[in-house]
Amino acid sequence: MSLTAERRCLTREQAAEYCGVSPSGFSAWQRQGLVPGPIPGTNRWDRKALDAALDKASGLREAGGSPVNDEVEEWFRRDAQRSA
């Protein structure tokens, strides 16, 4: 496992590498709103914020932040219906 995958706070270059794009591509994604900017007051990107933004952009999460295909939530929903 690389250090980039283990670190939570990433430099711009590391954040770009983490996302699988070039630094200029990462800047373009940031301008388009696909990924957030750095943590306020720093020049570091939060890996978890990048994950959340990419999950939303790819459709893995709904606008409200809930997982689209959350198996546990589906289980609870079915269980509640059976109990009703």
Side-chain angles (χ1 to χ4, degrees):
M1 183 177 280
S2 73
L3 286 178
T4 301
E6 294 174 12
R7 289 184 183 154
R8 174 135 180 208
C9 296
L10 307 172
T11 65
R12 181 176 168 273
E13 290 76 18
Q14 290 169 331
E17 180 183 354
Y18 181 75
C19 292
V21 296
S22 67
S24 62
F26 184 78
S27 294
W29 281 13
Q30 188 178 344
R31 284 191 301 275
Q32 295 168 7
L34 292 176
V35 295
I39 298 167
T42 75
N43 59 354
R44 295 288 188 261
W45 278 258
D46 184 326
R47 184 173 43 88
K48 289 184 179 186
L50 292 172
D51 287 341
L54 293 174
D55 284 353
K56 183 179 174 186
S58 67
L60 291 175
R61 290 198 174 268
E62 297 172 339
S66 301
V68 173
N69 294 316
D70 187 343
E71 294 176 14
V72 173
E73 288 297 321
E74 177 64 18
W75 180 86
F76 279 121
R77 186 185 63 75
R78 283 190 309 237
D79 188 56
Q81 288 175 343
R82 284 190 295 262
S83 299

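- In this structure, Trp45 contributes its side chain and Pro36 its backbone to a donor-acceptor pair below 3.5 Å.
- The minimum heavy-atom distance between Leu50 and Ala15, with the atom names listed, is CD1-CB, 3.8 Å.
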Q: Dump the intermediate steps for side-chain contact (heavy atoms from CB on, under 4.5 Å) on Cys9 and Asp46, then the final yes or no.
A: CA-CA 5 Å; Cys9 296; Asp46 184 326; 5.8 Å; no
Return a table of donor-acceptor pairs under 3.5 angstrom between the side chains of residues 21-29 and protein atoms on other chains or two or more places apart.
residue: Ser22; atom: OG; partner: Ser24; partner atom: OG; Å: 3.2
residue: Ser22; atom: OG; partner: Gly25; partner atom: N; Å: 3.0
residue: Ser27; atom: OG; partner: Arg12; partner atom: NE; Å: 3.2
residue: Ser27; atom: OG; partner: Arg12; partner atom: NH2; Å: 2.6
residue: Ser27; atom: OG; partner: Pro23; partner atom: O; Å: 3.3

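- Of all heavy-atom pairs between Gln30 and Gly37, the closest is NE2-CA, 3.2 Å.
- Judged as a salt bridge (charged side-chain N to carboxylate O under 4.0 Å, His left out), not a single pair has a partner in residues 21-42 (not counting sequence neighbours).
- By the 4.5 Å heavy-atom criterion applied to side chains, Tyr18 and Asp51 are counted as neighbours.
- The side-chain contact (heavy atoms from CB on, under 4.5 Å) check on Ala57 picks up Leu34, with sequence neighbours excluded.
- In this structure, Gln14 contributes its side chain and Thr11 its backbone to a donor-acceptor pair below 3.5 Å.
- Counting heavy atoms from C-beta on, the side chains of Leu54 and Cys19 come closer than 4.5 Å.
- Looking at Arg47 and Arg7, their side chains never come closer than 4.5 Å, going by heavy atoms from C-beta outward.
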